[in-house]
Novice: 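Can you read through this structure? Questions will come right after.
As a basis for the values below, the full set of heavy atoms in this structure was taken, side chains included, without hydrogen atoms, waters or symmetry mates.
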Number of protein chains: 2
Amino acid sequence: MPWPKSTKTVRIRKGNLYAADCPTRIVLDDVTSRWGSLVIVLLLEQTYRFSELAYRIGGISEKMLAQTLRVLEEDGFVLREVFPTKPPRVEYSLTPFGQELAERVQYLTSWVENNVAKVMGNREKSRQMSA
Amino acid sequence: MPWPKSTKTVRIRKGNLYAADCPTRIVLDDVTSRWGSLVIVLLLEQTYRFSELAYRIGGISEKMLAQTLRVLEEDGFVLREVFPTKPPRVEYSLTPFGQELAERVQYLTSWVENNVAKVMGNREKSRQMSA
DNA sequence: CTGTATCCGCTATGATACTG
DNA sequence: CAGTATCATAGCGGATACAG
């Protein structure tokens with residue numbers, strides 16, 4: 001059932017996306033997580049503060065926003081800057097590395113945005129077929 | 001808390017990705033679901049049978065594969081062809097619409113594959129910082 | 001303002017067994 | 001082969017309260 005390993009010296013140069021233990025999947029999950037992709041694409045616009053992100057991303061809770069941002073920061077996609085003012089102020093932006101990624105994500109999300117109507121139509125047909 | 005609606009006649013032409021009720025998010029979740037993106041990119045290679053997909057995508061269960069494929073089919077991304085042989089044989093492929101999507105997804109996944117090592121490195125640093 | 005800590009329900013997922 | 005049905009469970013994610 002596990003994937004047949006081609007050799008013993010399989011390295012993490014370019015992981016096999018289809019192997020159960022491929023680290024690429026882990027990273028991909030960060031990027032395509034429920035809120036991850038939204039945060040990434042939004043930060044492509046400009047730098048935002050925590051509360052601004054919370055406001056703009058409808059439906060997200062503080063907990064999930066903080067958690068999502070922390071993961072993206074650990075991965076090196078997002079830069080977190082703390083300004084020791086009173087009250088504190090934290091700004092989030094994309095690193096150059098994160099910008100590369102974000103452009104790819106946006107390439108996907110924008111396509112979905114532009115084609116969502118057609119998808120919803122396809123779903124309607126499906127529902128009628130089964131009815 | 002909800003996004004300020006620009007007008008009352010907001011339609012689903014081009015949804016607002018950041019609105020909680022935006023249908024784009026639903027479709028995006030289908031596409032970026034745990035197994036969705038893997039299936040989509042794999043089908044970009046060629047047509048596959050159910051069992052072939054199950055074999056190639058390490059770690060997926062039959063249940064999740066069937067479920068993922070059904071959603072992608074309803075969305076109009078995947079074509080399901082049943083050959084009434086004995087035993088039955090079902091082939092899955094991308095529709096032209098699905099191919100458009102798949103190319104966008106692959107554009108993302110391939111970047112992640114090529115940069116996963118750097119991400120893992122960034123994570124290491126993060127862990128050391130906090131230690 | 002920017003989070004963290006805790007509780008907790010719900011859903012997504014996996015394992016298993018079964019059907020056409 | 002290609003699924004479906006059922007059950008069990010982990011953990012996602014929301015609500016709330018609290019802290020620096």
Side-chain angles (χ1 to χ4, degrees), chain A residues 1-3 18-21 25-26 28-39 42-43 47-74 78-93 126 129-130, chain B residues 1-2 18-21 25-39 42-43 47-74 78-93 126 129-130:
Chain A
M1 227 57 100
W3 247 72
Y18 304 110
D21 59 349
R25 284 199 193 170
I26 302 174
L28 202 59
D29 283 342
D30 294 347
V31 174
T32 63
S33 67
R34 181 166 183 196
W35 305 110
S37 53
L38 297 182
V39 170
L42 186 53
L43 287 179
T47 295
Y48 281 110
R49 299 177 57 176
F50 184 86
S51 55
E52 291 172 334
L53 289 170
Y55 174 73
R56 288 185 167 265
I57 301 176
I60 197 171
S61 64
E62 292 185 350
K63 177 186 172 180
M64 291 316 297
L65 179 56
Q67 186 173 308
T68 301
L69 286 168
R70 197 180 333 123
V71 169
L72 294 178
E73 189 198 357
E74 287 172 358
V78 165
L79 176 65
R80 179 176 182 269
E81 289 178 289
V82 182
F83 299 85
T85 57
K86 253 185 100 146
R89 166 198 185 137
V90 182
E91 290 189 353
Y92 293 91
S93 59
S126 266
M129 299 288 283
S130 57
Chain B
M1 225 70 85
Y18 304 110
D21 59 348
R25 283 198 194 171
I26 303 173
V27 176
L28 202 58
D29 283 342
D30 294 348
V31 174
T32 64
S33 66
R34 179 161 185 200
W35 304 110
S37 53
L38 296 182
V39 170
L42 186 53
L43 287 179
T47 295
Y48 281 110
R49 302 177 56 174
F50 185 86
S51 55
E52 290 171 334
L53 289 171
Y55 173 71
R56 288 185 168 264
I57 301 176
I60 197 172
S61 64
E62 292 185 352
K63 175 185 174 182
M64 291 314 299
L65 179 56
Q67 187 173 309
T68 300
L69 286 169
R70 197 179 333 123
V71 169
L72 294 178
E73 188 197 358
E74 287 172 358
V78 164
L79 175 66
R80 179 175 182 269
E81 290 179 289
V82 182
F83 299 85
T85 56
K86 253 184 101 141
R89 167 196 184 135
V90 182
E91 290 189 351
Y92 293 91
S93 58
S126 266
M129 299 287 282
S130 58

Novice: Report the distance from atom CZ of A:Arg49 to atom P of C:dG3, rounded to the nearest whole Å.
Specialist: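 After rounding, the reported distance stands at 10 Å.
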Novice: OP1 or OP2 of C:dT11 less than 4.0 angstrom from a side-chain nitrogen or oxygen of A:Arg34, does that happen here?
Specialist: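 No, no such contact exists.
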Novice: Output all residues satisfying side-chain contact (heavy atoms from CB on, under 4.5 Å) with B:Leu79, sequence neighbours left out; order by chain, then residue number.
Specialist: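 side-chain contact (heavy atoms from CB on, under 4.5 Å) check on B:Leu79 returns B:Glu81, B:Ser93, B:Thr95.
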Novice: Side chain of B:Arg56, backbone of B:Leu42: donor and acceptor closer than 3.5 Å?
Specialist: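 It does not hold such a pair.
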Novice: Nearest whole Å is fine: how far is C:dC1 P from A:Leu69 CG?
Specialist: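 Value for this atom pair: 16 Å.
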Novice: Could you check which residues of residues 78-90 of chain A get a heavy atom under 4.0 Å from DNA chain C? Sort them by number, please.
Specialist: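 The stretch gives A:Arg80, A:Pro87, A:Pro88, A:Arg89, A:Val90 as the residues lying under 4.0 Å from the strand, ordered by number.
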Novice: Take the protein atom OH of A:Tyr55 and the nucleotide atom C1' of C:dT2, then report the distance between them rounded to whole Å.
Specialist: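 Rounded to whole Å, this separation is 19 Å.
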Novice: Could you tell me the separation between the CG atom of B:Asp30 and the P atom of C:dA12, rounded to a whole number of Å?
Specialist: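 Nearest whole value for this atom pair: 11 Å.
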Novice: A:Arg25 CZ to C:dT13 C1': how many Å, rounded?
Specialist: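 So the CZ-C1' distance, A:Arg25 to C:dT13, works out to 14 Å.
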Novice: Distance check needed: C:dG14 C1' versus B:Leu65 CG, whole Å only.
Specialist: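 From B:Leu65 CG to C:dG14 C1': 14 Å.
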Novice: State whether B:Phe83 and B:Arg89 meet the cation-pi test: NZ (Lys) or CZ (Arg) under 6.0 Å from the six-membered ring centroid, and within 45° of the perpendicular axis.
Specialist: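 Relative to the ring axis of B:Phe83, which defines the angle, B:Arg89 lies inside both limits.
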Novice: Which letter, B, S or -, goes with each nucleotide of nucleotides 4-9 of chain C from 5' to 3', with contact meaning a protein heavy atom under 4.0 Å?
Specialist: S-B---
Novice: Do B:Val71 and B:Val78 make a side-chain contact, defined as non-hydrogen atoms from C-beta onward lying under 4.5 Å apart?
Specialist: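 Side-chain contact under 4.5 Å: no.
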